[in-house]
Amino acid sequence: MQAVKRFINRMRSKSPWLLHFDCGSCNGCDIEILACLTPVYDVERFGIINVGNPFHADVLLVSGTVNHRNKKVLTNLHAQMPSPKLVVAIGACGLSGGIFREAYNVVGGIHKVLPVDVYVPGCPPKPEAIIDGVVLGLQKLQRLHEQPSVEKEA
Amino acid sequence: MRKTVIPFGPQHPVLPEPIHLKLTLVDERVVEAIPNLGYVHRGLERLADVRDFHQMIQVVERVCGICSMIHAHCYCMGIEELMAVEVPPRAQFLRVIWSEVHRIQSHLLWLGLFADSFGFESLFMQFWRIREKIMDISESTTGNRVIVSVNVIGGVRRDLSAEQTRWLLTELDWVEEQIQRLQTTMMEDYTVKKRTVGKGVLTAQQAYELGAVGPVARGSGLSQDTRQTSYAAYGELYFEPVVETEGDCYARSKVRFREALASVDLIRRALDKLPAGEVRAKVKSLKPPKGETVMRVEQPRGELLYYFKGSGEKNLDRLRIRTPTFANIPPLLAMLPGVYLSDVPVVTLSIDPCISCTER
């Protein structure tokens with residue numbers, strides 16, 4: 001059992017699957033996330049795949065501000081993902097609400113709704129920064145595996 | 001036959017953005033589609049209360065990241081009309097050049113996503129590979145990849161040097177050649193035709209009655225392009241709208257494909273005619289905008305309309321934005337009945353939905 005667990009943990013950090021949710025962003029961050037998957041940056045060579053099904057995903061990439069309507073969709077998606085899971089907030093809007101923070105329908109950054117592991121700043125961040133953010137998150141995941149007691153709490 | 005209701009979205013693999021369609025099916029065909037919007041509504045128009053009219057440029061750029069240049073262009077044109085600012089001709093041409101760069105970028109993005117929607121992933125990769133060159137052009141001429149932020153009231157923030165112009169021309173040749181290379185695959189491939197020809201037909205009469213705009217209207221045979229109103233420098237450039245008559249998904253993809261190539265030509269002509277001189281008029285001593293006006297420009301997705309109301313104070317009284325996808329949702333609902341459930345993603349994407357524009 002221990003060996004199987006080790007195998008799964010290894011595979012998770014070597015080939016993480018992403019779920020992308022546009023949570024009220026302006027599309028700027030979304031097209032940069034998609035650009036990461038295409039030939040110039042091509043993260044698929046590292047085994048990273050963008051999936052549409054939250055049940056298959058390890059990493060949740062959220063771009064944009066949370067608003068009163070999609071708050072519930074976002075928490076649902078996060079709840080459907082298997083544990084351990086990573087949340088990466090992308091762009092200035094995901095960090096704090098960005099330029100929209102004073103708008104009436106904006107709750108604020110992703111951290112108001114979900115526990116965020118990595119923040120990627122920029123408006124929009126360049127694809128290199130997004131890749132760097134995911135890699136940082138995976139290192140965190142790896143550390144969690146090495147300390148089983150921490151994983152239980154997480 | 002019993003009816004089935006299937007939710008499509010808000011989180012769906014082919015949709016980069018959340019839109020929810022409630023599809024009523026009989027057997028496997030759609031009989032009714034009800035859209036459910038509001039997932040990315042931010043309340044951006046009311047930000048005019050807290051930001052002054054100069055700062056609003058940065059806000060309207062973030063209505064939509066894909067066509068940020070064109071939003072800012074429209075906004076600046078409106079404010080310039082209210083303040084009676086004369087924009088230097090060189091700035092007008094530079095605005096056209098960057099708008100067209102954005103149009104190519106947006107159309108390539110859409111062609112890729114469209115190919116992905118019927119499962120042709122390698123074609124998606126090919127279009128996005130060409131698109132990266134356009135992003136390089138954006139980055140080296142404006143400083144940013146996506147949100148270019150070059151527009152200011154009274155002109156543009158940056159100028160093109162002679163060296164950059166030469167470089168731009170060689171890059172455009174490469175882009176044009178690469179796009180043309182994909183023509184056989186996108187337009188003549190058996191599998192692509194099988195998934196797009198005759199799907200989601202919108203007749204010219206329907207398109208007119210439902211108020212379709214942009215490539216959706218032009219794909220149905222309506223020759224309607226806001227660039228014909230010769231705003232900015234379009235009047236001095238020879239320009240003809242791209243029109244197809246079939247009205248199906250194939251025709252709409254053909255319109256966008258040909259438009260991308262037409263935009264390359266437009267940039268070349270604009271670079272050729274680029275007048276010398278200033279790129280920015282002085283506006284500091286002028287009074288803030290007062291009065292009402294409406295401005296229309298052509299976005300990659302169709303006609304974009306801005307309404308301005310200023311009372312001579314720093315903050316605008318009202319800013320109203322009507323985006324092309326908003327106008328194209330009624331035509332989409334007319335296309336969907338009769339379509340197989342498996343074709344719904346293709347038909348939905350064929351209007352090039354930009355939800356963050358629509359909901360602001």
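Predicted model, so just to flag it, every value in this text is computed and none were measured.
Of all non-hydrogen atoms in Glu102(A) and Val50(B), the two that sit nearest each other are OE1-CG2, 4.1 Å. Taking each heavy atom of Gly65(B) and Asn27(A) in turn, the nearest pair found is N-CB, 3.9 Å. Here the shortest heavy-atom pairing between Tyr41(A) and Glu132(B) reads CE1-OE1, 3.7 Å.
In summary, of the residues considered (Val63(B), Ile147(B), Val40(B), Ile66(B)), a side-chain contact (heavy atoms from CB on, under 4.5 Å) with Cys26(A) occurs for Ile147(B) alone.
With contacts defined as side-chain heavy-atom distances shorter than 4.5 Å, the pair Asp22(A)/Ile355(B) does not qualify. At least one side-chain heavy atom of Arg69(A) sits under 4.5 Å from a side-chain heavy atom of Asn36(B). For the pair Val73(A)/His20(B), no side-chain contact is recorded, criterion being any heavy-atom separation below 4.5 Å from C-beta on.
Note that CG of Leu34(A) and CZ of Arg131(B) are 8.5 Å apart. Values are rounded to the nearest 0.5 Å. Rounded to the nearest 0.5 Å, atoms NZ (Lys126(A)) and CE (Met135(B)) are 10.5 Å apart. In this structure, the separation between SG on Cys93(A) and CZ on Arg62(B) is 8.0 Å, given to the nearest 0.5 Å.
For Cys29(A), no part sits under 4.5 Å from any heavy atom of chain B, backbone or side chain. For Phe127(B), no part lies near chain A; criterion is any non-hydrogen pair under 4.5 Å. Contact of Leu37(A) with chain B is made through the backbone alone, with heavy-atom distances under 4.5 Å. If you measure heavy-atom distances from Glu139(B) to chain A, the contacts under 4.5 Å come from the side chain alone. Of the atoms belonging to Arg145(B), it is side-chain heavy atoms, and not backbone ones, that fall under 4.5 Å from chain A. Of the atoms belonging to Pro127(A), it is side-chain heavy atoms, and not backbone ones, that fall under 4.5 Å from chain B. Using a 4.5 Å cut-off between heavy atoms, Lys71(A) does not touch chain B at all. With a 4.5 Å cut-off on non-hydrogen atoms, Ser25(A) touches chain B through its backbone but not through its side chain.
Taking Val59(B), Leu44(B), Leu47(B) one by one and counting their heavy-atom pairs under 4.5 Å with chain A, the maximum is reached by Leu47(B).
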Met125(B) and Thr38(A): side chain to side chain contact (heavy atoms under 4.5 Å, CB included), yes or no, with the steps? CA-CA 6 Å; Met125(B) 293 293 178; Thr38(A) 53; 4.2 Å; yes
Residues Val40(A), Trp128(B); criterion side chain to side chain contact (heavy atoms under 4.5 Å, CB included); working and verdict: CA-CA 9 Å; Val40(A) 174; Trp128(B) 279 64; over 6 Å; no
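Within 6.0 Å of the CD atom in Glu128(A), the count of heavy atoms belonging to other residues, nucleotides or ligands exceeds 12. With a 6.0 Å radius and a threshold of 12 heavy atoms from other residues, nucleotides or ligands, Lys309(B) has its NZ atom at or below the threshold. By the neighbour-count criterion of 12 heavy atoms within 6.0 Å, atom CZ of Phe326(B) is sparsely surrounded, having that number or fewer from other residues, nucleotides or ligands.
Using modelled atom types, one side-chain atom of Asn67(A) and one backbone atom of His41(B) make a donor-acceptor pair closer than 3.5 Å. A donor-acceptor pair under 3.5 Å is formed between the side chain of Arg51(B) and the backbone N or O of Ile99(A).
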